[in-house]
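By convention in this document, chain letters (A, B, ...) are assigned in the order of the sequence lines, proteins followed by strands, and residues within each chain are numbered from 1.
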Protein chains: 2
Amino acid sequence: MALDHAILVSLLEKPGSGYELARRFERSIGYFWTATHQQIYRVLKRLESEGALTVRDVPQRGRPDKKEYSVADPGRAALSRWLHEPIEPESLRHDLAVKIRGAAFDDPAALIDEVERHHQVHSGRLAHYLTGELRDFTGPDAPVPLDAGQELQHVVLRGGIAYERMTIAWLDDVLATLHTLSSRAGLAVGGPSAHSA
Amino acid sequence: MALDHAILVSLLEKPGSGYELARRFERSIGYFWTATHQQIYRVLKRLESEGALTVRDVPQRGRPDKKEYSVADPGRAALSRWLHEPIEPESLRHDLAVKIRGAAFDDPAALIDEVERHHQVHSGRLAHYLTGELRDFTGPDAPVPLDAGQELQHVVLRGGIAYERMTIAWLDDVLATLHTLSSRAGLAVGGPSAHSA
DNA sequence: CTTGCCTATGCAACAAGTTGCATAGAAAGC
DNA sequence: GCTTTCTATGCAACTTGTTGCATAGGCAAG
(Lines give C-alpha, C1' and ligand atoms only; values in the text may rest on other atoms or scores of the structure.)
Protein backbone atom coordinates (compact mmCIF):
# COMPACT_ATOMS: atom_id res chain seq x y z
CA MET A 1 0.00 0.00 0.00
CA ALA A 2 1.40 3.34 -1.00
CA LEU A 3 0.12 5.23 2.06
CA ASP A 4 2.49 3.20 4.20
CA HIS A 5 5.36 4.17 1.97
CA ALA A 6 4.33 7.80 1.69
CA ILE A 7 4.37 7.97 5.50
CA LEU A 8 7.76 6.26 5.68
CA VAL A 9 9.22 8.69 3.15
CA SER A 10 7.77 11.67 4.97
CA LEU A 11 9.13 10.45 8.33
CA LEU A 12 12.54 9.80 6.79
CA GLU A 13 12.56 13.35 5.48
CA LYS A 14 11.68 14.47 9.00
CA PRO A 15 10.33 12.60 12.05
CA GLY A 16 7.01 13.88 13.35
CA SER A 17 3.65 13.17 14.95
CA GLY A 18 0.45 11.98 13.32
CA TYR A 19 -0.91 15.47 13.51
CA GLU A 20 2.14 16.92 11.79
CA LEU A 21 1.95 14.26 9.11
CA ALA A 22 -1.69 15.13 8.51
CA ARG A 23 -0.68 18.71 7.88
CA ARG A 24 2.14 17.66 5.57
CA PHE A 25 -0.43 15.65 3.64
CA GLU A 26 -2.43 18.84 3.20
CA ARG A 27 0.70 20.52 1.90
CA SER A 28 3.75 19.13 0.17
CA ILE A 29 3.05 15.40 0.27
CA GLY A 30 -0.53 16.25 -0.67
CA TYR A 31 0.71 17.32 -4.10
CA PHE A 32 0.57 13.68 -5.04
CA TRP A 33 -1.04 11.78 -2.21
CA THR A 34 -3.97 12.56 0.08
CA ALA A 35 -4.85 11.10 3.46
CA THR A 36 -7.02 12.10 6.39
CA HIS A 37 -5.75 12.11 9.95
CA GLN A 38 -7.80 9.00 10.66
CA GLN A 39 -5.98 7.01 8.02
CA ILE A 40 -2.64 8.32 9.20
CA TYR A 41 -3.16 7.47 12.88
CA ARG A 42 -4.32 4.00 11.96
CA VAL A 43 -1.35 3.31 9.72
CA LEU A 44 1.13 4.78 12.23
CA LYS A 45 -0.22 2.43 14.89
CA ARG A 46 0.09 -0.55 12.60
CA LEU A 47 3.57 0.34 11.36
CA GLU A 48 4.72 0.80 14.94
CA SER A 49 3.30 -2.56 16.01
CA GLU A 50 5.12 -4.12 13.06
CA GLY A 51 8.39 -2.59 14.18
CA ALA A 52 8.77 -0.30 11.17
CA LEU A 53 8.56 2.82 13.36
CA THR A 54 9.65 3.87 16.80
CA VAL A 55 7.69 6.29 18.97
CA ARG A 56 8.89 8.86 21.46
CA ASP A 57 6.58 10.81 23.77
CA VAL A 58 7.32 14.50 23.49
CA PRO A 59 5.86 16.78 26.18
CA GLN A 60 5.13 20.27 24.89
CA ARG A 61 4.53 23.60 26.53
CA GLY A 62 1.13 25.15 25.95
CA ARG A 63 -0.24 22.25 23.99
CA PRO A 64 -0.95 18.51 24.36
CA ASP A 65 1.90 16.00 24.32
CA LYS A 66 2.67 14.46 20.99
CA LYS A 67 4.05 11.14 19.85
CA GLU A 68 6.97 11.62 17.55
CA TYR A 69 7.50 8.78 15.11
CA SER A 70 10.80 7.88 13.46
CA VAL A 71 11.59 5.20 10.90
CA ALA A 72 13.36 2.12 12.26
CA ASP A 73 15.58 -0.19 10.22
CA PRO A 74 12.80 -2.64 9.28
CA GLY A 75 10.75 0.29 7.98
CA ARG A 76 13.64 1.54 5.91
CA ALA A 77 14.16 -1.98 4.54
CA ALA A 78 10.46 -2.31 3.67
CA LEU A 79 10.59 1.01 1.81
CA SER A 80 13.68 -0.11 -0.07
CA ARG A 81 12.01 -3.35 -1.11
CA TRP A 82 8.99 -1.42 -2.40
CA LEU A 83 11.22 0.97 -4.33
CA HIS A 84 12.69 -1.97 -6.23
CA GLU A 85 9.31 -3.49 -7.09
CA PRO A 86 7.57 -2.34 -10.26
CA ILE A 87 4.24 -0.55 -9.73
CA GLU A 88 1.30 0.01 -12.04
CA PRO A 89 1.21 3.36 -13.85
CA GLU A 90 -1.46 5.42 -12.15
CA SER A 91 -4.89 5.97 -13.59
CA LEU A 92 -7.21 8.87 -13.08
CA ARG A 93 -10.43 9.24 -11.14
CA HIS A 94 -11.83 12.48 -12.39
CA ASP A 95 -15.39 13.19 -11.24
CA LEU A 96 -15.58 16.41 -13.18
CA ALA A 97 -14.98 14.56 -16.46
CA VAL A 98 -17.90 12.27 -15.62
CA LYS A 99 -20.04 15.34 -15.06
CA ILE A 100 -18.96 16.87 -18.35
CA ARG A 101 -19.94 13.82 -20.33
CA GLY A 102 -23.12 13.60 -18.26
CA ALA A 103 -24.00 17.19 -19.11
CA ALA A 104 -25.03 15.99 -22.58
CA PHE A 105 -28.14 14.56 -20.89
CA ASP A 106 -28.89 17.69 -18.89
CA ASP A 107 -28.06 21.35 -19.35
CA PRO A 108 -24.39 21.95 -20.27
CA ALA A 109 -24.68 25.62 -19.28
CA ALA A 110 -25.47 24.59 -15.69
CA LEU A 111 -21.92 23.23 -15.38
CA ILE A 112 -20.24 26.55 -16.10
CA ASP A 113 -20.23 27.75 -12.48
CA GLU A 114 -18.87 24.43 -11.29
CA VAL A 115 -16.06 24.43 -13.84
CA GLU A 116 -15.15 28.01 -12.94
CA ARG A 117 -15.00 27.03 -9.28
CA HIS A 118 -12.60 24.19 -10.09
CA HIS A 119 -10.58 26.62 -12.20
CA GLN A 120 -10.19 28.87 -9.18
CA VAL A 121 -9.13 26.02 -6.91
CA HIS A 122 -6.50 24.83 -9.38
CA SER A 123 -5.22 28.39 -9.89
CA GLY A 124 -4.86 28.68 -6.13
CA ARG A 125 -2.95 25.41 -5.94
CA LEU A 126 -0.65 26.52 -8.74
CA ALA A 127 0.09 29.80 -6.98
CA HIS A 128 0.79 27.89 -3.77
CA TYR A 129 3.17 25.49 -5.52
CA LEU A 130 5.00 28.34 -7.26
CA THR A 131 5.45 30.14 -3.94
CA GLY A 132 6.88 26.97 -2.44
CA GLU A 133 9.18 26.44 -5.40
CA LEU A 134 10.58 29.94 -5.08
CA ARG A 135 11.00 29.57 -1.32
CA ASP A 136 12.65 26.15 -1.34
CA PHE A 137 14.33 25.64 -4.70
CA THR A 138 14.68 28.57 -7.07
CA GLY A 139 14.65 31.72 -4.89
CA PRO A 140 17.57 33.60 -3.34
CA ASP A 141 17.08 31.82 0.02
CA ALA A 142 17.25 28.36 -1.53
CA PRO A 143 20.31 26.22 -0.80
CA VAL A 144 22.93 26.05 -3.59
CA PRO A 145 23.65 23.42 -4.67
CA LEU A 146 20.60 21.29 -3.82
CA ASP A 147 21.34 17.86 -2.43
CA ALA A 148 19.86 14.70 -3.95
CA GLY A 149 16.81 14.73 -1.70
CA GLN A 150 16.05 18.34 -2.57
CA GLU A 151 16.51 17.73 -6.30
CA LEU A 152 14.03 14.87 -6.08
CA GLN A 153 11.54 16.92 -4.09
CA HIS A 154 11.90 19.66 -6.67
CA VAL A 155 11.23 17.39 -9.64
CA VAL A 156 8.08 16.09 -7.92
CA LEU A 157 6.97 19.66 -7.26
CA ARG A 158 7.60 20.50 -10.92
CA GLY A 159 5.23 17.63 -11.70
CA GLY A 160 2.56 19.21 -9.50
CA ILE A 161 3.10 22.55 -11.21
CA ALA A 162 2.85 20.97 -14.66
CA TYR A 163 -0.30 19.14 -13.60
CA GLU A 164 -2.01 22.32 -12.38
CA ARG A 165 -1.02 24.28 -15.48
CA MET A 166 -2.31 21.53 -17.75
CA THR A 167 -5.55 21.29 -15.76
CA ILE A 168 -6.14 25.05 -15.86
CA ALA A 169 -5.61 25.13 -19.64
CA TRP A 170 -7.99 22.21 -20.03
CA LEU A 171 -10.65 23.86 -17.87
CA ASP A 172 -10.40 26.92 -20.15
CA ASP A 173 -11.00 24.57 -23.07
CA VAL A 174 -13.98 23.04 -21.23
CA LEU A 175 -15.44 26.48 -20.51
CA ALA A 176 -15.11 27.55 -24.13
CA THR A 177 -16.87 24.34 -25.20
CA LEU A 178 -19.70 24.84 -22.70
CA HIS A 179 -20.18 28.46 -23.82
CA THR A 180 -20.32 27.41 -27.47
CA LEU A 181 -22.88 24.71 -26.69
CA SER A 182 -24.99 27.15 -24.65
CA SER A 183 -25.26 29.66 -27.45
CA ARG A 184 -25.90 26.88 -29.94
CA ALA A 185 -28.69 25.50 -27.73
CA GLY A 186 -30.15 29.00 -27.41
CA LEU A 187 -30.49 29.17 -31.18
CA ALA A 188 -32.08 25.74 -31.55
CA VAL A 189 -35.81 25.17 -31.11
CA GLY A 190 -36.81 23.94 -27.70
CA GLY A 191 -33.83 25.28 -25.77
CA PRO A 192 -31.43 23.18 -23.66
CA SER A 193 -33.70 20.13 -23.55
CA ALA A 194 -33.42 19.74 -27.35
CA HIS A 195 -30.03 18.00 -27.16
CA SER A 196 -29.63 14.60 -28.64
CA ALA A 197 -29.66 11.89 -26.03
CA MET B 1 -20.50 7.98 -5.43
CA ALA B 2 -19.11 8.79 -8.83
CA LEU B 3 -18.98 5.19 -10.07
CA ASP B 4 -22.77 5.12 -10.00
CA HIS B 5 -22.88 8.24 -12.10
CA ALA B 6 -20.14 7.12 -14.48
CA ILE B 7 -22.19 3.98 -15.14
CA LEU B 8 -25.38 5.99 -15.64
CA VAL B 9 -23.64 8.29 -18.12
CA SER B 10 -22.17 5.36 -20.01
CA LEU B 11 -25.53 3.60 -20.20
CA LEU B 12 -27.22 6.80 -21.34
CA GLU B 13 -24.64 7.10 -24.10
CA LYS B 14 -25.44 3.50 -25.02
CA PRO B 15 -27.25 0.71 -23.12
CA GLY B 16 -25.18 -2.39 -22.51
CA SER B 17 -24.25 -5.32 -20.29
CA GLY B 18 -21.90 -5.40 -17.32
CA TYR B 19 -19.30 -7.04 -19.48
CA GLU B 20 -19.56 -4.34 -22.14
CA LEU B 21 -19.33 -1.64 -19.46
CA ALA B 22 -16.20 -3.27 -18.09
CA ARG B 23 -14.61 -3.00 -21.53
CA ARG B 24 -15.71 0.61 -21.90
CA PHE B 25 -14.03 1.29 -18.56
CA GLU B 26 -10.82 -0.11 -20.04
CA ARG B 27 -11.25 2.24 -22.97
CA SER B 28 -13.00 5.58 -23.28
CA ILE B 29 -14.55 5.93 -19.84
CA GLY B 30 -11.28 4.65 -18.44
CA TYR B 31 -9.61 7.88 -19.56
CA PHE B 32 -10.90 9.40 -16.35
CA TRP B 33 -12.41 6.63 -14.27
CA THR B 34 -11.39 3.04 -13.60
CA ALA B 35 -13.46 0.13 -12.36
CA THR B 36 -13.18 -3.65 -12.35
CA HIS B 37 -15.94 -5.91 -13.53
CA GLN B 38 -16.66 -6.86 -9.91
CA GLN B 39 -17.42 -3.31 -8.97
CA ILE B 40 -19.54 -2.82 -12.06
CA TYR B 41 -21.69 -5.94 -11.57
CA ARG B 42 -22.25 -5.03 -7.94
CA VAL B 43 -23.29 -1.46 -8.73
CA LEU B 44 -25.51 -2.56 -11.63
CA LYS B 45 -27.35 -4.93 -9.32
CA ARG B 46 -27.85 -2.22 -6.71
CA LEU B 47 -28.93 0.43 -9.22
CA GLU B 48 -31.41 -2.02 -10.71
CA SER B 49 -32.85 -2.89 -7.29
CA GLU B 50 -33.22 0.85 -6.63
CA GLY B 51 -35.16 1.30 -9.85
CA ALA B 52 -32.52 3.45 -11.55
CA LEU B 53 -31.96 0.86 -14.28
CA THR B 54 -34.05 -1.63 -16.22
CA VAL B 55 -32.68 -4.99 -17.40
CA ARG B 56 -33.49 -6.95 -20.50
CA ASP B 57 -32.27 -10.50 -21.15
CA VAL B 58 -30.67 -10.69 -24.57
CA PRO B 59 -30.05 -14.20 -25.96
CA GLN B 60 -27.05 -14.33 -28.28
CA ARG B 61 -25.82 -16.74 -30.92
CA GLY B 62 -22.46 -18.37 -30.24
CA ARG B 63 -22.01 -16.82 -26.81
CA PRO B 64 -23.71 -16.64 -23.40
CA ASP B 65 -26.84 -14.57 -22.92
CA LYS B 66 -26.29 -11.08 -21.64
CA LYS B 67 -28.29 -8.70 -19.49
CA GLU B 68 -28.66 -5.37 -21.21
CA TYR B 69 -29.13 -2.47 -18.83
CA SER B 70 -30.83 0.84 -19.70
CA VAL B 71 -31.31 3.94 -17.59
CA ALA B 72 -34.83 4.45 -16.22
CA ASP B 73 -36.33 7.81 -15.28
CA PRO B 74 -35.32 7.65 -11.59
CA GLY B 75 -31.74 7.00 -12.70
CA ARG B 76 -31.79 9.94 -15.04
CA ALA B 77 -33.22 12.12 -12.26
CA ALA B 78 -30.51 10.97 -9.83
CA LEU B 79 -27.83 11.83 -12.38
CA SER B 80 -29.38 15.23 -12.94
CA ARG B 81 -29.40 15.95 -9.19
CA TRP B 82 -25.72 14.99 -8.96
CA LEU B 83 -24.84 17.21 -11.91
CA HIS B 84 -26.28 20.20 -10.06
CA GLU B 85 -24.41 19.47 -6.82
CA PRO B 86 -20.92 20.90 -6.38
CA ILE B 87 -18.12 18.35 -6.08
CA GLU B 88 -14.64 18.57 -4.64
CA PRO B 89 -11.84 19.26 -7.11
CA GLU B 90 -9.96 16.01 -7.56
CA SER B 91 -6.64 15.31 -5.95
CA LEU B 92 -3.92 13.00 -7.09
CA ARG B 93 -2.69 9.66 -5.83
CA HIS B 94 0.60 9.23 -7.56
CA ASP B 95 2.63 6.27 -6.34
CA LEU B 96 5.52 7.05 -8.64
CA ALA B 97 5.98 10.47 -7.04
CA VAL B 98 6.21 8.76 -3.64
CA LYS B 99 8.89 6.49 -5.06
CA ILE B 100 10.81 9.42 -6.49
CA ARG B 101 10.94 11.20 -3.18
CA GLY B 102 11.75 7.90 -1.51
CA ALA B 103 14.67 7.35 -3.85
CA ALA B 104 16.61 9.94 -1.84
CA PHE B 105 16.94 7.23 0.84
CA ASP B 106 17.94 4.50 -1.57
CA ASP B 107 19.58 4.50 -4.99
CA PRO B 108 18.05 7.05 -7.41
CA ALA B 109 19.59 5.26 -10.39
CA ALA B 110 17.59 2.13 -9.57
CA LEU B 111 14.41 4.02 -10.46
CA ILE B 112 15.44 4.75 -14.03
CA ASP B 113 14.06 1.51 -15.49
CA GLU B 114 10.80 1.98 -13.66
CA VAL B 115 10.37 5.55 -14.89
CA GLU B 116 11.15 4.47 -18.45
CA ARG B 117 8.51 1.77 -18.20
CA HIS B 118 5.93 4.32 -17.09
CA HIS B 119 7.05 6.56 -19.94
CA GLN B 120 6.29 3.78 -22.40
CA VAL B 121 2.86 3.09 -20.93
CA HIS B 122 1.90 6.77 -21.09
CA SER B 123 3.21 7.06 -24.64
CA GLY B 124 1.05 4.09 -25.58
CA ARG B 125 -1.99 5.66 -23.97
CA LEU B 126 -1.36 8.92 -25.79
CA ALA B 127 -1.10 7.12 -29.13
CA HIS B 128 -4.33 5.28 -28.35
CA TYR B 129 -6.16 8.51 -27.47
CA LEU B 130 -4.88 10.24 -30.60
CA THR B 131 -6.08 7.36 -32.75
CA GLY B 132 -9.50 7.59 -31.13
CA GLU B 133 -9.62 11.33 -31.60
CA LEU B 134 -8.87 11.01 -35.30
CA ARG B 135 -11.42 8.23 -35.71
CA ASP B 136 -14.28 9.87 -33.80
CA PHE B 137 -13.77 13.62 -33.89
CA THR B 138 -11.16 15.09 -36.21
CA GLY B 139 -10.68 12.58 -39.03
CA PRO B 140 -12.47 12.38 -42.42
CA ASP B 141 -14.94 9.76 -41.10
CA ALA B 142 -15.98 11.91 -38.13
CA PRO B 143 -19.49 13.38 -38.18
CA VAL B 144 -19.76 17.07 -39.11
CA PRO B 145 -21.00 18.94 -37.22
CA LEU B 146 -20.59 17.14 -33.90
CA ASP B 147 -23.64 17.16 -31.65
CA ALA B 148 -23.48 18.35 -28.03
CA GLY B 149 -22.72 14.89 -26.67
CA GLN B 150 -19.87 14.40 -29.10
CA GLU B 151 -18.43 17.86 -28.37
CA LEU B 152 -18.43 17.02 -24.68
CA GLN B 153 -16.85 13.61 -25.24
CA HIS B 154 -14.21 15.33 -27.37
CA VAL B 155 -13.32 17.91 -24.74
CA VAL B 156 -12.92 15.14 -22.16
CA LEU B 157 -10.69 13.23 -24.56
CA ARG B 158 -8.64 16.38 -25.14
CA GLY B 159 -8.18 16.42 -21.35
CA GLY B 160 -6.84 12.87 -21.46
CA ILE B 161 -4.48 13.80 -24.28
CA ALA B 162 -3.25 16.87 -22.41
CA TYR B 163 -2.73 14.75 -19.29
CA GLU B 164 -0.67 12.15 -21.12
CA ARG B 165 1.45 14.78 -22.90
CA MET B 166 2.10 16.59 -19.62
CA THR B 167 2.96 13.32 -17.89
CA ILE B 168 5.37 12.25 -20.64
CA ALA B 169 7.17 15.61 -20.52
CA TRP B 170 7.40 15.34 -16.74
CA LEU B 171 8.79 11.81 -16.91
CA ASP B 172 11.49 13.14 -19.27
CA ASP B 173 12.26 15.74 -16.63
CA VAL B 174 12.39 13.02 -13.96
CA LEU B 175 14.73 10.89 -16.07
CA ALA B 176 17.07 13.81 -16.67
CA THR B 177 17.13 14.49 -12.93
CA LEU B 178 17.85 10.86 -12.09
CA HIS B 179 20.68 10.72 -14.64
CA THR B 180 22.23 13.88 -13.23
CA LEU B 181 22.06 12.50 -9.71
CA SER B 182 23.57 9.18 -10.81
CA SER B 183 26.61 10.80 -12.37
CA ARG B 184 26.96 13.14 -9.42
CA ALA B 185 26.83 10.17 -7.03
CA GLY B 186 29.38 8.37 -9.18
CA LEU B 187 31.80 11.25 -8.68
CA ALA B 188 31.28 11.51 -4.92
CA VAL B 189 33.23 9.37 -2.46
CA GLY B 190 31.31 6.27 -1.35
CA GLY B 191 28.99 5.97 -4.34
CA PRO B 192 25.18 5.97 -4.23
CA SER B 193 25.03 5.40 -0.46
CA ALA B 194 26.74 8.75 0.16
CA HIS B 195 23.49 10.70 -0.21
CA SER B 196 22.34 12.84 2.64
CA ALA B 197 19.49 11.27 4.56
C1' DC C 1 -16.74 33.45 31.14
C1' DT C 2 -18.26 31.57 27.11
C1' DT C 3 -17.71 30.50 22.47
C1' DG C 4 -14.92 29.12 19.02
C1' DC C 5 -10.37 27.68 17.18
C1' DC C 6 -5.99 25.08 17.24
C1' DT C 7 -3.23 21.24 18.73
C1' DA C 8 -3.39 16.31 19.46
C1' DT C 9 -5.19 11.50 19.41
C1' DG C 10 -8.40 8.08 18.71
C1' DC C 11 -12.87 4.73 18.17
C1' DA C 12 -16.67 2.88 15.53
C1' DA C 13 -19.40 2.34 11.65
C1' DC C 14 -19.81 2.52 7.07
C1' DA C 15 -18.68 2.85 2.01
C1' DA C 16 -15.74 1.77 -1.69
C1' DG C 17 -12.28 -0.82 -3.99
C1' DT C 18 -9.34 -5.14 -4.65
C1' DT C 19 -8.24 -10.05 -5.07
C1' DG C 20 -9.06 -14.68 -5.58
C1' DC C 21 -12.03 -17.87 -7.00
C1' DA C 22 -16.06 -20.24 -9.48
C1' DT C 23 -19.12 -21.27 -13.27
C1' DA C 24 -20.27 -21.94 -18.14
C1' DG C 25 -20.85 -22.02 -23.28
C1' DA C 26 -18.43 -21.56 -27.61
C1' DA C 27 -14.53 -20.88 -30.65
C1' DA C 28 -9.73 -21.57 -32.09
C1' DG C 29 -5.37 -23.79 -32.16
C1' DC C 30 -2.53 -27.92 -31.58
C1' DG D 1 -9.21 -34.66 -27.16
C1' DC D 2 -6.87 -30.78 -24.67
C1' DT D 3 -5.73 -26.26 -23.64
C1' DT D 4 -6.38 -21.62 -24.18
C1' DT D 5 -9.08 -17.57 -25.16
C1' DC D 6 -13.17 -14.82 -25.22
C1' DT D 7 -17.76 -13.76 -23.67
C1' DA D 8 -20.55 -13.37 -19.55
C1' DT D 9 -21.83 -13.27 -14.60
C1' DG D 10 -21.17 -13.60 -9.88
C1' DC D 11 -19.78 -14.73 -4.53
C1' DA D 12 -16.79 -14.15 -0.52
C1' DA D 13 -13.16 -12.24 1.93
C1' DC D 14 -10.26 -8.73 2.57
C1' DT D 15 -8.11 -4.06 2.42
C1' DT D 16 -8.66 0.87 1.99
C1' DG D 17 -10.78 5.07 2.59
C1' DT D 18 -14.53 8.16 4.55
C1' DT D 19 -17.57 10.19 8.00
C1' DG D 20 -19.18 11.22 12.38
C1' DC D 21 -18.14 11.52 16.79
C1' DA D 22 -15.42 11.92 21.33
C1' DT D 23 -11.90 13.65 24.36
C1' DA D 24 -8.91 17.19 26.20
C1' DG D 25 -5.87 21.21 27.17
C1' DG D 26 -4.79 25.93 25.94
C1' DC D 27 -5.48 30.33 23.64
C1' DA D 28 -7.85 34.40 21.83
C1' DA D 29 -11.85 37.28 20.98
C1' DG D 30 -15.89 39.25 22.53
(request) Flag yes if B:Tyr163 and A:Trp33 sit in one hydrophobic cluster, no otherwise; membership is Ile, Leu, Val, Met, Phe, Trp, Tyr, and two members link when side-chain heavy atoms are under 4.5 Å apart. (result) no
(message) Quick check on DNA chain C: between A:His37 and A:Pro64, whose nearest nucleotide comes earlier from the 5' end?
(response) A:Pro64
(message) Using whole Å, what does the distance between atom P of nucleotide C:dA16 and atom NE2 of B:His5 come to?
(response) 10 Å
(message) With heavy-atom distances below 4.5 Å as the criterion, would you say the side chains of A:Ile161 and A:Glu133 are in contact?
(response) yes
(request) Nearest whole angstrom, please: distance from the C1' of C:dG17 to the CD1 of B:Ile7. (result) 13 Å
(request) Look at the side-chain N and O atoms of B:Gln38 and state whether any lies under 4.0 Å from the OP1 or OP2 oxygen of C:dT18. (result) no
(request) Could you pick out which residue, B:Arg93 or B:Lys66, lies toward the 5' side of DNA chain D when each is mapped onto its nearest nucleotide? (result) B:Lys66
(request) Output yes when at least one side-chain N/O atom of B:Arg42 is less than 4.0 Å from OP1 or OP2 of D:dC11, else no. (result) no
(message) Nearest to the side chain of A:Gln39, heavy atoms from C-beta on, is which of D:dA8, C:dA8, D:dT18?
(response) D:dT18
(request) For B:Arg23 and for A:Ala35, locate the closest nucleotide of DNA chain D by heavy-atom distance; then report the residue assigned to the nucleotide nearer the 5' terminus. (result) B:Arg23
(request) For A:Ile40 and D:dT18, give me the distance from atom CD1 to atom C1', rounded to whole Å. (result) 13 Å
(message) C:dG10, OP1 or OP2 - any side-chain N/O from A:Tyr41 closer than 4.0 Å?
(response) no
(message) I'd like to know whether the aromatic ring centres of A:His94 and A:Trp170 sit less than 6.0 Å apart in this structure.
(response) yes
(request) Compare every heavy atom of B:His84 with every heavy atom of A:Ala110, then report the nearest pair and how far apart it is. (result) CB-CE1, 3.5 Å
(message) Can you measure A:Arg24 atom CZ to C:dA8 atom P for me and round it to whole angstrom units?
(response) 12 Å
(request) Calculate the interatomic distance between A:Asp65 atom CG and C:dG10 atom C1'; express it in whole Å. (result) 15 Å
(message) Please give me the minimum heavy-atom distance between B:Leu3 and B:Ala35, naming the atom from each residue.
(response) CD1-CB, 3.8 Å
(message) Check this one for me: any side-chain N or O of B:Ser17 less than 4.0 Å away from OP1 or OP2 of D:dT7?
(response) no
(request) Answer yes when A:Arg81 and A:Glu85 have at least one side-chain N-carboxylate O distance shorter than 4.0 Å, and no when they do not. (result) no
(request) Look at the rings of A:His128 and A:Tyr31 and say which category their plane angle falls in: under 30° parallel, 30 to 60° tilted, over 60° perpendicular. (result) perpendicular
(request) Give the rounded distance in Å between these two atoms: NZ of A:Lys67 and C1' of C:dG10. (result) 9 Å
(request) Could you check how far CE of B:Met1 sits from P of C:dC14, rounded to whole Å? (result) 17 Å
(message) Using the side-chain heavy atoms of A:Tyr19, tell me which of these nucleotides is nearest: D:dA8, C:dG17, C:dC6.
(response) C:dC6
(request) Measure from the side-chain heavy atoms of A:Thr36 and tell me the nearest of C:dC6, D:dT19, D:dG10. (result) D:dT19
(request) Within residues 45-60 of chain B, find the residues that approach DNA chain C with a heavy atom at under 4.0 Å, and present them sorted by residue number. (result) none
(request) Kindly indicate whether the side chain of A:Arg101, heavy atoms from C-beta on, has any atom under 4.5 Å from the side chain of B:Gln153. (result) yes
(request) Could you state the atom-to-atom distance from CG of A:Leu21 to C1' of C:dG10 in whole Å? (result) 15 Å
